[in-house]
Participant: 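Got a structure for you, written out below as structure tokens; questions coming shortly.
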Amino acid sequence: MAMDNNEALQAIRQNIRDEKNDIAAIQIMDLASKNQDDPMILLTCCSMLRTIGNDKDFPGVLSVLMSHIPSEEKSKYEVATGLIGLGCLKDAGTILDELEDSDRVLRARAAVMHGTDRDEEALETLGKMGNLEEIDRVLKVQVLGSLGRHDEAIAEAEDILKGSDTYRAGRCYISALVLADRVKDAAKYAKERMKAKNADGYALMAYYQWLNGNSTASGAFSSKALQQDGHHLGALETIGYSFCDKGTYWEAKVAAGAINEIEPGNPAVFRILAMCRNQ
């Protein structure tokens, strides 16, 4: 059966690449109906329905998935985090409430709380973690920003940057500054990072330009980043948004597809595709 599933998944993914979404939808529903007791296959089906923008069949498959949640903690956690990526935050929260506290469970709960505008609870949940990794500290910056505690958010972002110069850390800092209306400081930082002439530097400038509504510049800097690193997720995301703004939806979908190939289920995929559909 597993081999049949693998072959079916390969065929569906090929049809999605070829933009044969009507055929893919039929294949996805067939796969889901044959695997109603397999939560991981159902989760994959949900993800693929999101990818082709099939909002008609998605709720039905999600409902079957929610009635077949695995009892084993590790699998439960995997389903919950998969649902967070799909934007099904309340469903993810329901599953997470059943799990024992651990840093990764608390991280996922905090993400759900932030995504459902329960930022005070998110901050409290992050405070319960034994060890805050960079991803958790970035979420903390976002939560503080949402609460209007901009000085604390910027201070936390600056502290992250002292120990890490990743794209994620830089993007977090730019977001915190822009949210606090310190646009000039954000521009200064982006220009400073761009001096390195590497993919992260160009991608950070692209992100800054995108936040400030300049999608043409954002697209140009994203292209420069992708010339350095064709797999840069941040640059692929911003170039996808830029293509949407220009109305070149085929190119936007190509960018979304590239992200999905590198990191299946990345939320940026669904954001870009939603922008394409909403036009």
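The model shown is predicted, which means the values in this text are computed figures rather than measured ones.
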Participant: Is there a side-chain contact between Glu73 and Leu99, using heavy atoms and a 4.5 Å cut-off?
Facilitator: yes
Participant: Is it true that a side-chain atom of Asn214 and a backbone atom of Gln209 form a donor plus acceptor pair closer than 3.5 Å?
Facilitator: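 No, the answer is negative, given that no donor and acceptor are paired below the 3.5 Å cut-off.
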Participant: Hey, is Arg137 close enough to Asp159 for a salt bridge, meaning N to O under 4.0 Å?
Facilitator: yes
Participant: Among Arg171, His232, Arg168, which one satisfies side chain to side chain donor-acceptor pair (under 3.5 Å) with Asp200?
Facilitator: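 Single side chain to side chain donor-acceptor pair (under 3.5 Å) partner of Asp200 among Arg171, His232, Arg168: His232.
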Participant: Check this for me: Glu72, atom CD, are more than 12 non-hydrogen atoms of other residues, nucleotides or ligands nearer than 6.0 Å?
Facilitator: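 Yes - once you tally the heavy atoms of other residues, nucleotides and ligands closer than 6.0 Å, there are more than 12.
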Participant: Below 30° counts as parallel, above 60° as perpendicular, anything between as tilted: where do the rings of Phe221 and Tyr202 land?
Facilitator: parallel
Participant: Answer whether the closest heavy-atom distance between the side chains of Tyr189 and Leu161 falls below 4.5 Å.
Facilitator: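 Tyr189 reaches Leu161 side chain to side chain.
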Participant: Could you tell me whether Asp151 atom CG has more than 12 heavy atoms of other residues or ligands within 6.0 Å of it?
Facilitator: no
Participant: Verify the cluster assignment for Phe270 and Trp210: are they in a single hydrophobic cluster under the rule of side-chain heavy atoms below 4.5 Å apart?
Facilitator: yes
Participant: Check this for me: Lys76, atom NZ, are more than 12 non-hydrogen atoms of other residues, nucleotides or ligands nearer than 6.0 Å?
Facilitator: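 Check passes, neighbour count above 12.
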Participant: Apply side-chain contact (heavy atoms from CB on, under 4.5 Å) to Arg50 and Asp55, showing your working.
Facilitator: CA-CA 7 Å; Arg50 270 275 196 262; Asp55 298 325; 3.9 Å; yes
Participant: Quick one: do Leu177 and Val183 satisfy side-chain contact (heavy atoms from CB on, under 4.5 Å)? Show the steps, please.
Facilitator: CA-CA 6 Å; Leu177 289 170; Val183 178; over 6 Å; no
Participant: Given salt bridge (charged side-chain N to carboxylate O under 4.0 Å, His left out), test Lys188 with Glu192 step by step and report yes or no.
Facilitator: CA-CA 6 Å; Lys188 184 181 174 187; Glu192 193 61 39; over 6 Å; no
Participant: Check the surroundings of atom CD in Glu124: do more than 12 heavy atoms from other residues, nucleotides or ligands lie under 6.0 Å from it?
Facilitator: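 For Glu124, atom CD is not crowded (no more than 12 foreign heavy atoms under 6.0 Å).
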Participant: With the threshold set at 4.0 Å, does a side-chain nitrogen-carboxylate oxygen contact exist between Asp30 and Lys34?
Facilitator: yes
Participant: Between Glu133 and Arg107, does a salt bridge (charged side-chain N to carboxylate O under 4.0 Å, His left out) hold up when you go through it step by step?
Facilitator: CA-CA 10 Å; Glu133 295 178 15; Arg107 171 185 300 130; 3.7 Å; yes
Participant: Is Ser242 reaching over with its side chain to a backbone N or O of Thr216, donor-acceptor style, under 3.5 angstrom?
Facilitator: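 Side chain of Ser242 to backbone of Thr216: no pair is present.
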Participant: Is the NE2 atom of His231 crowded by more than 12 outside heavy atoms at less than 6.0 Å?
Facilitator: no
Participant: Would you say that Asn266 contacts Glu237 through its side chain, given a criterion of any heavy-atom pair below 4.5 Å between the two side chains?
Facilitator: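 Side chain of Asn266 against side chain of Glu237, heavy atoms only: no contact under 4.5 Å found.
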Participant: Any idea which heavy atoms bring Val143 and Ala122 closest together, and the distance?
Facilitator: CG2-CB, 4.0 Å
Participant: To the nearest 0.5 Å, how far apart are CG in Leu62 and CG in Asp91?
Facilitator: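 Result: 4.5 Å between the selected atoms.
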Participant: Donor-acceptor check, side chain of Asn35 to backbone of Asp38, threshold 3.5 angstrom: yes or no?
Facilitator: no
Participant: Would you check if Lys246 and Glu251 make a side-chain contact, meaning some heavy-atom pair closer than 4.5 Å?
Facilitator: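 Counting from C-beta outward, Lys246 and Glu251 never come under 4.5 Å.
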Participant: What heavy-atom pair brings Ala187 and Tyr208 nearest, and what distance separates the two atoms?
Facilitator: CB-OH, 3.3 Å
Participant: Could you go through Arg17 and Gln14, starting from their C-alpha distance and side-chain angles, then the distance that decides it, and tell me whether this counts as side-chain hydrogen bond (donor to acceptor under 3.5 Å, both in side chains)?
Facilitator: CA-CA 5 Å; Arg17 281 190 210 102; Gln14 189 57 53; 3.0 Å; yes
Participant: Do any N or O atoms from the side chain of Ser75 and from the backbone of Ser71 form a donor-acceptor pair under 3.5 angstrom?
Facilitator: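 Not at all, since once roles are kept as given, no pair shorter than 3.5 Å links the two residues.
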Participant: Where the side chain of Thr116 meets the backbone of Val112, is there a donor-acceptor pair that is under 3.5 Å apart?
Facilitator: yes
Participant: Test side-chain hydrogen bond (donor to acceptor under 3.5 Å, both in side chains) on Tyr207 and Ser175; report intermediate values, then the result.
Facilitator: CA-CA 9 Å; Tyr207 181 67; Ser175 291; 2.7 Å; yes
Participant: Strictly distance-based, threshold 3.5 Å: is any side-chain N or O of Asp119 a donor or acceptor partner for the main-chain N or O of Leu147?
Facilitator: no
Participant: Do the non-hydrogen side-chain atoms of Leu123 and Met113 ever get within less than 4.5 Å of each other?
Facilitator: no
Participant: Compare all side-chain heavy atoms of Ile95 with those of Tyr77 and state whether any distance is below 4.5 angstrom.
Facilitator: no
Participant: Could you check whether any side-chain heavy atom of Lys140 comes within less than 4.5 Å of a side-chain heavy atom of Asp136, counting everything from C-beta outward?
Facilitator: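 Side chain of Lys140 against side chain of Asp136, heavy atoms only: no contact under 4.5 Å found.
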Participant: Can you measure from OG (Ser102) to CZ (Arg109) and round to the nearest 0.5 angstrom?
Facilitator: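 Rounded to the nearest 0.5 Å, the OG-CZ separation comes to 8.0 Å.
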Participant: I'd like to know if the side chain of Asn198 and the backbone of Gly201 have a donor-acceptor N/O pair within less than 3.5 Å.
Facilitator: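 Checked: pair present.
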Participant: Would Thr94 and Ile69 count as a side-chain contact (heavy atoms from CB on, under 4.5 Å) here? Give the steps.
Facilitator: CA-CA 11 Å; Thr94 300; Ile69 299 301; over 6 Å; no
Participant: Mind checking whether Val79 and Leu42 have side chains closer than 4.5 Å, heavy atoms only?
Facilitator: no
Participant: Is there a side-chain contact (heavy atoms from CB on, under 4.5 Å) between Ile52 and Met48 once you walk through the steps?
Facilitator: CA-CA 6 Å; Ile52 63 173; Met48 292 188 298; over 6 Å; no
Participant: Report yes or no: does Ser218 contribute a side-chain atom to a donor-acceptor pair with the main-chain N or O of Ala206 at less than 3.5 Å?
Facilitator: yes
Participant: If you count every heavy atom of other residues, nucleotides or ligands that lies below 6.0 Å from Lys191 atom NZ, does the total exceed 12?
Facilitator: no
Participant: Does Gln228 use its side chain to pair, donor to acceptor, with the backbone of Lys197 at less than 3.5 Å?
Facilitator: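 Flag set: sc Gln228 to bb Lys197 pair under 3.5 Å.
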